[in-house]
Amino acid sequence: MKSIVIFYSRAGYNYVNGEIKNLKVGNTEVIAKKIAEISKSSLFKIEQTHPYSNDYSECIDEAKRDQRLEVRPEIKEFPNNLKEYDVIFLGFPNYWGTMPMAVFTFLENTNLDGKTIRPFCSHEGSGFGRSIEDIKRICPKAKIEKGIDIHGAIINEEKLRNWIKGEEEK
């Protein structure tokens, strides 16, 4: 089975463990790279054509507005050929209870029928929120498997390896 890690992540000023910190690499990207390394998967980053502000407060305002208005931000590119992949590891930070709107853009404009989607998210205490339900609604002909949510980018590598192998705790 061939797999790809597709993720959305934001570097810059972020809320991390109760503080605003300037991250050179976003939490979800740290996790995505580890999943790609362990699973020997390809890697693809979803990037907005017009990214949110590097300033945390402005980014929050922009992202909340997009969510409230159900905006689908334009993304720079889509993966060239997903036909060769059986498994999609789909990663994103939790933005107010679901995925960032750019992930909606990706999912709504990509045919994932028959694919296995293995979601993962980074968060600061809120887990997946309703994002799994949103993925199931957008991709009804895909198989959505149990996801893994990770606080910040604090990776328990054994737990992550077990999840990738499908041996996570039941």
Side-chain angles (χ1 to χ4, degrees), residues 4-18 20-21 23 25-35 43-79 82 87-113 115-155 159-160 163-164 168:
I4 185 171
V5 179
I6 298 175
F7 69 97
Y8 177 93
S9 189
R10 185 183 165 278
Y13 288 93
N14 279 281
Y15 183 78
V16 180
N17 294 320
I20 304 299
K21 294 184 178 177
L23 304 178
V25 177
N27 289 331
T28 307
E29 185 166 352
V30 170
I31 299 162
K33 287 178 176 177
K34 181 56 81 173
I35 291 171
L43 198 61
F44 181 84
K45 183 175 183 178
I46 298 168
E47 296 180 87
Q48 291 178 209
T49 303
H50 305 288
Y52 294 134
S53 172
N54 189 49
D55 177 87
Y56 181 73
S57 294
E58 287 179 33
C59 171
I60 293 298
D61 291 343
E62 294 165 345
K64 277 186 176 180
R65 179 202 64 229
D66 281 359
Q67 189 181 63
R68 186 180 66 253
L69 299 174
E70 296 188 22
V71 170
R72 300 301 189 257
E74 183 180 323
I75 59 178
K76 288 183 179 180
E77 63 181 328
F78 289 82
L82 290 179
V87 176
I88 313 286
F89 291 98
L90 179 66
F92 47 86
N94 180 325
Y95 276 19
W96 306 284
T98 192
M99 307 170 287
M101 300 315 287
V103 179
F104 281 84
T105 300
F106 169 77
L107 291 175
E108 291 171 354
N109 291 281
T110 305
N111 182 353
L112 298 178
D113 291 358
K115 303 290 183 194
T116 297
I117 300 174
R118 306 210 51 218
F120 64 97
C121 82
S122 60
H123 62 88
E124 285 297 315
S126 53
F128 276 108
R130 68 179 182 279
S131 57
I132 302 296
E133 292 81 9
D134 287 337
I135 296 167
K136 287 178 179 178
R137 180 178 45 77
I138 298 166
C139 304
K141 294 181 180 177
K143 178 182 178 189
I144 315 303
E145 291 192 343
K146 182 176 175 142
I148 189 168
D149 62 290
I150 297 174
H151 188 268
I154 303 166
I155 300 170
K159 184 177 178 183
L160 188 64
W163 173 74
I164 289 167
E168 68 277 349

**Study point:** Contact check, side chains of Glu145 and Val87, non-hydrogen atoms, under 4.5 Å
**Key:** no
Review point. Going from CZ on Arg72 to CE on Met101, what distance comes out if it is rounded to the nearest 0.5 angstrom?
Key: 4.0 Å
Exercise for review: Say whether Tyr52 and Asp66, considering side chains only, have a donor N or O and an acceptor N or O under 3.5 Å apart.
Suggested key: yes
**Study point:** Parallel, tilted or perpendicular: rings of Phe120 and Trp163 (30°, 60°)
**Key:** perpendicular
Review point. Does the salt bridge (Lys or Arg N to Asp or Glu O under 4.0 Å) test come out yes or no for Lys33 and Glu29, once each step is laid out?
Key: CA-CA 6 Å; Lys33 287 178 176 177; Glu29 185 166 352; 3.2 Å; yes
Practice item. Please answer whether the main-chain N or O of Leu160 pairs with a side-chain N or O of Lys34 as donor and acceptor at a distance below 3.5 Å. Key: no
Review point. Out of Glu124, Met99, His123, which residue meets the side chain to side chain contact (heavy atoms under 4.5 Å, CB included) rule with Asn94?
Key: His123
Check your understanding: Any sub-3.5 Å donor-acceptor pair from Glu62's side-chain atoms to Ser53's backbone N or O?
Key -> yes
Practice item. Test side-chain contact (heavy atoms from CB on, under 4.5 Å) on Ile60 and Trp96 and set out the steps. Key: CA-CA 10 Å; Ile60 293 298; Trp96 306 284; 3.6 Å; yes
Check your understanding: Is the number of heavy atoms from other residues, nucleotides or ligands within 6.0 Å of OH (Tyr56) greater than 12?
Key -> yes
Check your understanding: Can you tell me how far the NZ atom of Lys136 sits from the CG atom of Asp134, to the nearest 0.5 Å?
Key -> 11.5 Å
Exercise for review: Find the distance between CZ (Arg118) and CD1 (Ile164) and round it off to the nearest 0.5 Å.
Suggested key: 7.5 Å
Exercise for review: State whether the number of non-hydrogen atoms from other residues, nucleotides or ligands found under 6.0 Å of Glu108 atom CD is greater than 12.
Suggested key: yes
Point to revise | Interatomic spacing from NZ in Lys45 to CZ in Phe7 - rounded to 0.5 Å | key: 5.5 Å
Practice item. Would you check if the side chain of Thr105 reaches a backbone N or O of Pro73 as a donor-acceptor pair within less than 3.5 Å? Key: yes
Review point. Closest approach of Asn54 and Ala11, non-hydrogen atoms and distance?
Key: OD1-O, 4.2 Å
Exercise for review: Using atom types as modelled and distance alone, determine if a side-chain donor or acceptor of Asn14 lies under 3.5 Å from a backbone N or O of Val16.
Suggested key: no
Check your understanding: Can you find a pair of side-chain heavy atoms, one from Phe92 and one from Phe106, that are under 4.5 Å apart?
Key -> no
Point to revise | Closest contact, heavy atoms only, Gly127 versus Cys121 | key: O-SG, 3.5 Å
Check your understanding: Counting distance only, does the side-chain N/O of Arg68 pair as donor-acceptor with the main-chain N or O of Val71 below 3.5 Å?
Key -> no
**Study point:** Arg10 and Leu23, any side-chain heavy atoms less than 4.5 Å apart
**Key:** no
Check your understanding: Quick one: CZ on Phe78 to CD1 on Ile6, what's the gap to the nearest 0.5 Å?
Key -> 10.5 Å
Review point. Can you find a heavy atom in the side chain of Leu107 that is under 4.5 Å from one in the side chain of Leu90?
Key: yes
Review point. For the atom pair CD (Glu77) and CZ (Phe44), what is the distance rounded to the nearest 0.5 Å?
Key: 4.5 Å
Exercise for review: Dump the intermediate steps for side-chain contact (heavy atoms from CB on, under 4.5 Å) on Gln48 and Tyr8, then the final yes or no.
Suggested key: CA-CA 9 Å; Gln48 291 178 209; Tyr8 177 93; 2.8 Å; yes
Check your understanding: Above 12 or not: heavy atoms from other molecules or residues under 6.0 Å from OH of Tyr15?
Key -> no
